[in-house]
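Beneath this line is the structure, given in C-alpha cells, with notes to follow.
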Amino acid sequence: MSANSTSLGPKIIAIANQKGGVGKTTTTINLGAALAERKKKILLIDLDPQGNASTGLGIDQDQREATTYDLLAGDATLTEAAQKTSDANLSIIPATTDLSSADIELIDNEQRSFLLRNVLRDHADSIANYDYILIDCPPSLNILTVNAMIAAHSIIVPLQSEFFALEGLSQLILTVRDVRQSANPDLRIEGIALTMYDSRNNLSLQVEDDARENMGDMVFQTVIPRNVRVSEAPSFAMPVLAYDTHSKGSAAYRALADEVIKKSKKVKV
C-alpha cells in the first residue's frame, strides 16, 4: 500500500526488553486479552523462538502448522498463519524454534531487518480489521527484535522492579534511537510498564521512584503486581484474565489496557 494511502490500520506495538524474565511475554498475552475483553480486535505475533506466547494462549506445538518463520520466509500468508484463540477477539501467529536460526539464515538478505514491516504492508487488507497488533519480542536485541521495532509504531517496555532494571532500559532506548535514525523515524516508546511489583518491598518502591523521576510520563500509571495467579495462568495455557478474572493481576492488566486505549488511535497504513 502506498505511503500516501489514507486507509486506517491497527496500532502496532512491540513488547520488548532485551532482559529475560521481566514479564515480557506475560504482559503481551494479558494485555492482548485485556484489550480483547474491551471488544478490540487483536493480533498477537509471537516473534520469540521459545514460543511461550503461543503456548500461553493454548496453541500446542502440533497446531503450529504456519508460523512467524513461515510468514517472514514468504511461505505463508498472514491469513494462513493467524490462528484463533479461545477468545474470538484475539488471534495469534505462533512461533516455533525454527525462528532461532533467523539470524544466520538472513545474514545475506539485504532486507533482513525489514521483513516483518514488508509483510504487514503487503497484507494491509488482511490486518485492516484489527485494532492492535502486539509483537512479543525475544529477550535480546537481535534481528528479530529489530524487525519488530521497524514494523511497529511504538514499544511497550516491561520493566521488572529489581536492581539494575534501569541500566538495561538505557541500552534499549539507545537501540530505539538507532532504529529511529536509520529505518523508522516515527517509532516511539508507548510506555514503560513496571512488572512484578511488590509494594511491601522497598526495592520495588525505589525502582518506581527512579523510573518516574528519570522517565516521567513515559512510565504507565498502572503497575503490574507480583501475583501468584499471573504466574500460574501460563501452565493452564490461558491468560490470567481467564484463569482468575478477579485476581489483582487481572485488574492490573485491565487498567494497563485502558491506559493503552486512551492514548491510542487508528493509524495510516
Side-chain angles (χ1 to χ4, degrees), residues 11-32 45-50 52-53 113 116 132-199 201-227 230-231 249 252-253 255-257 259-260 262-264:
K11 178 75 173 285
I12 304 171
I13 303 175
I15 289 80
N17 190 323
Q18 74 273 19
K19 293 183 69 176
V22 299
K24 176 183 55 61
T25 297
T26 299
T27 294
T28 307
I29 291 172
N30 290 299
L31 175 60
I45 299 178
D46 192 347
L47 209 60
D48 187 342
Q50 297 175 87
N52 290 336
S113 298
L116 184 57
Y132 294 92
I133 294 177
L134 304 181
I135 307 171
D136 187 36
C137 298
S140 62
L141 295 176
N142 63 9
I143 191 67
L144 294 172
T145 301
V146 171
N147 261 269
M149 289 183 177
I150 292 175
H153 300 112
S154 62
I155 297 174
I156 288 176
V157 185
L159 191 71
Q160 187 177 358
S161 304
E162 64 167 16
F163 203 56
F164 293 137
L166 292 179
E167 285 192 8
L169 179 62
S170 63
Q171 184 181 354
L172 181 66
I173 290 174
L174 288 174
T175 303
V176 171
R177 287 177 181 169
D178 288 344
V179 170
R180 272 199 199 119
Q181 292 170 2
S182 62
N184 186 1
D186 296 325
L187 181 67
R188 65 184 183 84
I189 294 180
E190 185 82 9
I192 297 164
L194 293 169
T195 62
M196 305 180 195
Y197 186 88
D198 186 348
S199 59
N201 186 319
N202 286 335
L203 181 56
S204 286
L205 299 173
Q206 184 63 53
V207 170
E208 180 181 15
D209 287 345
D210 289 348
R212 296 195 188 282
E213 181 178 343
N214 286 282
M215 309 306 295
D217 291 341
M218 248 193 278
V219 183
F220 286 110
Q221 288 302 308
T222 302
V223 297
I224 308 300
R226 187 176 291 279
N227 179 252
V230 172
S231 301
Y253 278 113
L256 180 62
E259 282 197 65
V260 170
K262 187 175 181 179
K263 62 198 301 191
S264 294

Self-check item: Heavy-atom neighbours of Arg177 CZ exceed 12 at 6.0 Å
Solution: no
Exercise. Run the numbers on Val260 and Tyr132 for side-chain contact (heavy atoms from CB on, under 4.5 Å), then give the verdict.
Key: CA-CA 10 Å; Val260 170; Tyr132 294 92; 4.0 Å; yes
Exercise. State, yes or no, whether a side-chain contact exists between Ile155 and Leu187 at a heavy-atom distance under 4.5 Å.
Key: yes
Quiz item: About how many Å separate CD1 of Ile192 and CG of Leu169, when rounded to the nearest 0.5 Å?
Solution: 4.5 Å
Exercise. Measure the spacing between OG1 of Thr222 and OH of Tyr253 and express it to the nearest 0.5 Å.
Key: 11.0 Å
Self-check item: Under 3.5 Å: donor-acceptor pair, side chain of Asp198, backbone of Arg226
Solution: no
Quiz item: What are the two closest non-hydrogen atoms of Ala252 and Ile224, and how far apart are they?
Solution: CB-CD1, 3.8 Å
Would you tabulate the side-chain donor-acceptor contacts of residues 158-165 under 3.5 Å, counting partners in other chains and residues two or more places apart, or write 'none'?
residue: Ser161; atom: OG; partner: Thr195; partner atom: O; Å: 3.1
residue: Glu162; atom: OE2; partner: Lys19; partner atom: NZ; Å: 2.9

Quiz item: Do you know the tightest heavy-atom contact between Val219 and Ala211?
Solution: CG2-O, 3.6 Å
Quiz item: From Thr145 OG1 over to Leu172 CG, what is the distance, rounded to the nearest 0.5 angstrom?
Solution: 9.0 Å
Quiz item: If you measure from CG on Leu256 to CG on Asn30, what distance do you get to the nearest 0.5 Å?
Solution: 10.0 Å
Exercise. Report the distance from atom CD1 of Ile133 to atom CD1 of Ile45, rounding to the nearest 0.5 Å.
Key: 5.0 Å
Quiz prompt | Donor-acceptor contact below 3.5 Å, side chain Asn184 vs main chain Met149 | solution = yes
Exercise. Pick out which of Arg188, Glu190, Lys263 makes a side-chain hydrogen bond (donor to acceptor under 3.5 Å, both in side chains) with Ser154.
Key: Glu190
Quiz prompt | Spacing of CG belonging to Leu141 relative to OG1 belonging to Thr175, to within rounding of 0.5 Å | solution = 4.0 Å
Practice problem: Could you point out which residue of Asp46, Thr28, Leu47 forms a side chain to side chain contact (heavy atoms under 4.5 Å, CB included) with Ile135? | Solution: Leu47
Quiz item: Mind checking what makes salt bridge (charged side-chain N to carboxylate O under 4.0 Å, His left out) contact with Asp136, not counting sequence neighbours?
Solution: Lys24
Quiz prompt | Pro139 to Asp48 - nearest heavy-atom pair and separation | solution = CD-OD2, 3.6 Å
Quiz item: Donor-acceptor pair, Asn202 side chain versus Leu205 backbone, under 3.5 Å?
Solution: no
Quiz item: Quick one: side chain to side chain donor-acceptor pair (under 3.5 Å) pairs with a partner in residues 208-221, sequence neighbours left out?
Solution: Tyr197-Glu208, Gln206-Asp210, Glu208-Arg212
Self-check item: Heavy-atom closest pair, residues Leu144 and Pro138
Solution: CB-CG, 3.9 Å
